Amino acid sequence: MATFKEYTPASIEKKWQDHWDKTGVLNAESSHDKPKFYPLIEFPYPSGQGLHVGHPRSNTAMDIIARKRRMEGYNVLFPIGYDAFGLPTENYAIKNHIHPAIVTKNNVDHFRSQLKRLGFSFDYSREVNTTDPKYYKWTQWIFLKLFEKGLAYKSEMPINWCTSCKVGLANEEVVGGVCERCGGEVIRKVKSQWMLRITDYAQKLIDGLDEVNFIEKVAVQQKNWIGRSEGAEVDFTLTTGDKLRVYTTRPDTLFGATYMVISPEHPLVEKYKDILENYEEIAAYREAAARKSDFDRTEMNKDKTGVELKGIRAINPVTGTEIPVWISDYVLMSYGTGAIMAVPAHDDRDWAFATKFGLKIIEVVAGGNVAEAAFTDIQAGTMVNSGFLNGKSVKEAKAAIIDYLEQKGIGKRKVNYKLRDWVFSRQRYWGEPIPIVKCPCCGWVPLSEKDLPLRLPEVENYEPTDDGESPLAAMTDWVNTTCPKCGGPAKRETDTMPQWAGSSWYYLRYIDPHNDNELASQEELKYWLPVDWYNGGMEHTTLHLLYSRFWHRFLYDIGVVPTPEPYKKRTSHGMILGSNGEKMSKSRGNVVNPDDVVDELGADAFRLYEMFMGAFDQAIPWQTDGARGCRRFLDRVWKLMERVNDDKGISKDLAYDINLCIKKVSEDYEAMKYNTAIAAMMTLVNTMYQRPNVSKDELGVLIQLLNPVAPHITEEMNELLGFETELVRKPWPKADEKALVKDEIEIAVQVNGKVRCRVMVPSTLTRDDANAYVSALPEVAKLLEGKAAKKMVYVPGRLFNIVL
RNA sequence: GCUGAAGUGGUGGAAUGGCAGACACAGGGGACUUAAAAUCCCCCGCCCCAAUCCGGCGUGCGGGUUCGAGUCCCGCCUUCAGCACCA
């Protein structure tokens, strides 16, 4: 029995990391002979703080899958890169007077060394960086394609403006009325902005969810965000003779429409300036609404406000009744037609409004008490006061009224989405320049492909300006150019792209990262797409994940990529919280630095703990003591080497435990149940310690199962044990089903569903034999005395239940 | 309000309708040690009991289905996340 050196993670981990670097054994193979597997983690934003403990949770989880797949014979592409454009770097550069490119390079180098220290099996030869002109050339190229197809357009419109970052935001970036990034106040500001027509893809983005395997909550959240609703557009005739079009999901309640409401921004007000008797009052209301931020508007949510448009009335097209028209900010210009028919009897908001202003409430669906509250249940209820709809259910009435409206030409079926077009301009320096020039003669003219990349100019000052202009606007040498079309003087667009641009297609570049002629070659794309498994944070569900699906579907439509969807499977990890159960943050002082943990316990123990700490999709508080426990486990695994004897193969009395462990670990890794997989290996180790010895082959299986989680210690042990093949090149073990059949098993004996005792029985025991055997047991016989068994339930291998 | 997820020991958490608390952490006791750390062994849901056995109670609350419910059904409560005047 040989004695082995001590377990010293620092030197062992360095040794194997260098080995992997040198041999490239973890890199994707260029040959397409093997089946491919493409796992992906969200590439990090290289912040100045370095890696936090959240990154390794997702990384380790996918690393385990990647490493297992290699052993299963797949050609695995597990890439890494850096999403390096963005505000924090720019802010740091401003504060410290260092060029953002230099800040970025330093941060990336720091991140890379931290990642390598953790032993992730990334293919570093395919690293991408969104700030590299060779990369953003293609980001710009995609933008030009979007422009060419009419999906990128410049528009003067009210946008979300973060007063702190001094930058426009997409709807997706406004969370709870404040800036997603900095928490600053968001106001509405009218600005000329580049927009992407993601709304053209609303239906495709919903339908595509059926083709992929996303965890339920991701699919649900995306669907809710896109917000499809079915209803009808209906034209009401005004007393002026014009039509006022509304959108409604409840055309069945048309007979109950007792007034109309238009949004403050509705063009009707300007049009009837001279007719309106109370124009002054209306104009004042409109201005007050314009001054409110979106946040204020939603805050006002309970208390409805509004002004009647005096001098105009509308005619309900089915009843012929004249009804008033109001203006109120509970109707949004950006959804539907910016005008509604109000049915106070069957809509909560209309009810509140009508009650406040004393407007008529007419019940058209019986089943509730509309004097008390709006009756909105569409499952129950029968139509009343509704002419030809009377007696029908809501569903029948809906179909009937739409047919009627379409026949009469006063309305039609209509689908609406909550999704808005994507505000794509940022008034910032550190982003991709938008490759478009404004020519006084030709309008917006795209650069030609050969002029890409359009590089960021060197500037003195990256500070954003209060007037909302990009820092690039001051760079007159760069801004003043010639029109690619007419050759006349023209100006460059000075806004840059949002951070989401580079991350919308990065997984494509990994596939062919050094290609100068195309974004990626068709051949490589055909082999590698789609991404097989993408793990990332829930916070990106309606941002990055949705945006990149949109870009991908667009690229599919123009024939650039061979699949309609980019990601076959999407999973999500839970957050790691501070030990006090709160979100980790500097200000709370509960941040754990992964470097410190690696220094104390080693990368393997760190990885093991991150996977063992709890269910992978759950938020879990960090407990350093727990990580120490994982190190203790690795010490025990290491010391098993002292117990290795000269036996060959798997001994009979360990065969069951080992094969059970193979089965459990294999299944649990796939289901991302890493915590129970590790528990199974701990159990096996405990079992091995109950025996005086363990064979080399037995230990060999254990370290192979453990390898994806703790790759360094297991490779080292594999070598010390004298195995010739590295674990990374060995095939993944398969459980021997025969070994999993036991001759004797323990069953629980119950009387009236209560466990009375446990006994070992042959696994092939029949029901009758079991009955005879069990009834004779003293614990049972005592209870059976004088009573007749009413029923007996036998679950072979589990239990025997006698009901008295 | 809407959508989704979750409520199990001191803690993190296990449990295809079939032995609740696997596996760990913390804690307690013991061995080894001059001592401590490390390591190894034992105990560790609650109540009853001096203690052991025996027994009883236990998976947010109230009902139900079932021989049997943490798990399924109905009705609540609480927490978290996302959306939030989207007609």
Side-chain angles (χ1 to χ4, degrees), chain A residues 175-177 215-225 227-229 231 246-251 253 257 260-261 263 294 297-304 328-332 334-343 346-350 352-353 376 416-420 538-539 541-542 574-575 579 581 609 612-615 617-630 632-633 635-636 639 673 675-686 689 746-758 789-795 797-804:
Chain A
V175 175
I215 48 166
E216 187 66 15
K217 59 179 171 178
V218 169
V220 166
Q221 249 183 58
Q222 288 206 342
K223 268 185 201 156
N224 288 348
W225 184 261
R228 179 191 160 100
S229 74
V246 301
Y247 173 71
T248 176
T249 55
R250 294 294 305 275
T253 62
M260 300 186 80
V261 188
S263 82
D294 277 357
R297 277 207 189 188
T298 51
E299 277 294 276
M300 298 297 176
N301 173 346
K302 298 260 146 46
D303 194 23
K304 297 277 183 293
S328 172
D329 66 2
Y330 84 90
V331 175
L332 310 173
S334 49
Y335 185 78
T337 63
I340 61 157
M341 65 176 210
V343 185
H346 305 289
D347 180 280
D348 292 325
R349 296 150 303 179
D350 297 344
F353 192 85
T376 56
N416 262 331
Y417 302 91
K418 289 188 204 172
L419 188 70
R420 304 292 144 76
M538 281 309 290
E539 70 275 17
T541 301
T542 54
M575 229 194 314
S579 53
Y609 175 59
F612 182 63
M613 62 197 300
D617 57 351
Q618 235 59 53
I620 308 280
W622 177 275
Q623 303 292 347
T624 299
D625 277 332
R628 294 199 180 99
C630 286
R632 203 140 49 214
F633 168 69
D635 286 331
R636 275 162 67 78
K639 283 200 204 124
K673 291 164 79 171
N675 53 337
T676 50
I678 292 164
M681 291 185 279
M682 288 173 167
T683 304
L684 181 60
V685 168
N686 291 343
Y689 266 102
E746 191 186 68
I747 64 167
V749 179
Q750 300 183 332
V751 176
N752 285 339
K754 226 170 205 5
V755 179
R756 295 296 157 173
C757 63
R758 299 159 230 278
K790 219 193 301 175
K791 191 171 179 178
M792 271 165 292
V793 182
Y794 178 44
V795 185
R798 293 265 186 193
L799 53 75
F800 194 95
N801 186 16
I802 301 169
V803 185
L804 299 175

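The structure displayed is predicted, hence computed values, not measured ones. Each chain gets a letter, A, B and so on, in the order the sequences are listed, and its residues count up from 1. FYI, side chains are in, hydrogens and waters are out, and symmetry mates aren't considered; it's all heavy atoms of this structure.
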| request: Could you tell me the separation between the CZ atom of Phe612(A) and the C1' atom of C23(B), rounded to a whole number of Å? | output: 5 Å
| request: Round to a whole Å and report the spacing from CG of Asp635(A) to P of A37(B). | output: 17 Å
With a 4.0 Å cutoff (strictly under), does any side-chain N or O of [X] reach OP1 or OP2 of [N]?
| X | N | answer |
| --- | --- | --- |
| Asn686(A) | A24(B) | yes |
| Arg632(A) | A26(B) | yes |
| Asn675(A) | A14(B) | yes |
| Lys217(A) | C83(B) | no |
| Thr683(A) | A22(B) | no |

So what does [X] touch, heavy atoms closer than 4.0 Å: a base, only the sugar-phosphate, or nothing?
| X | value |
| --- | --- |
| Leu799(A) | base |
| Ala615(A) | sugar-phosphate |
| Arg628(A) | nothing |
| Arg228(A) | nothing |
| Gln750(A) | base |
| Asn224(A) | sugar-phosphate |
| Ser328(A) | nothing |
| Gly336(A) | nothing |

Would you mind telling me which of [options] lies closest to the side-chain atoms of [X]?
| X | options | value |
| --- | --- | --- |
| Val795(A) | C23(B), A87(B), G18(B) | G18(B) |
| Arg798(A) | A87(B), U16(B), C85(B) | U16(B) |
| Gln221(A) | G82(B), A22(B), C85(B) | G82(B) |
| Tyr330(A) | A15(B), G12(B), C85(B) | C85(B) |
| Val803(A) | A87(B), G18(B), C67(B) | C67(B) |
| Gln618(A) | A5(B), C83(B), G12(B) | A5(B) |

| said: Can you say whether a donor on the side chain of Lys418(A) sits under 3.5 Å from an acceptor on the base of C83(B), or the other way round? | reply: no
| field | Donor-acceptor pair under 3.5 Å, Asp625(A) side chain vs C25(B) base | value | no
Pair assignment for [N], Watson-Crick or G-U wobble, requiring both distances under 3.5 Å:
| N | result |
| --- | --- |
| U59(B) | none |
| G27(B) | C43(B) |
| C53(B) | none |

| So, is the end of the Lys304(A) side chain (NZ or CZ) under 6.0 Å from the ring centre of Phe353(A) and within 45° of the ring's axis? | no
Pick the [atom1] atom in [N] and in [M], then give their distance to the nearest Å.
| N | M | atom1 | value |
| --- | --- | --- | --- |
| G7(B) | G13(B) | P | 9 Å |
| C80(B) | G12(B) | P | 16 Å |
| U65(B) | U52(B) | C1' | 40 Å |
| C23(B) | C44(B) | C1' | 15 Å |
| U3(B) | G18(B) | P | 30 Å |
| C61(B) | U66(B) | P | 23 Å |
| A69(B) | G64(B) | C1' | 11 Å |

| task | Using the six-membered ring wherever Trp is involved, compare the ring planes of Tyr794(A) and Phe800(A) and label them parallel, tilted or perpendicular (cut-offs 30° and 60°). | result | tilted
| said: On RNA chain B, compare the nucleotides closest to Thr248(A) and Lys639(A); which residue's is nearer the 5' end? | reply: Lys639(A)
| field | Val793(A) vs Thr249(A), nearer the 5' end of RNA chain B by closest nucleotide | value | Val793(A)
| field | Asp635(A) with Arg632(A): basic N within carboxylate O range, under 4.0 Å | value | no
| message | Please classify the glycosidic conformation of G9(B) as syn (within 90° of 0) or anti (everything else). | response | syn
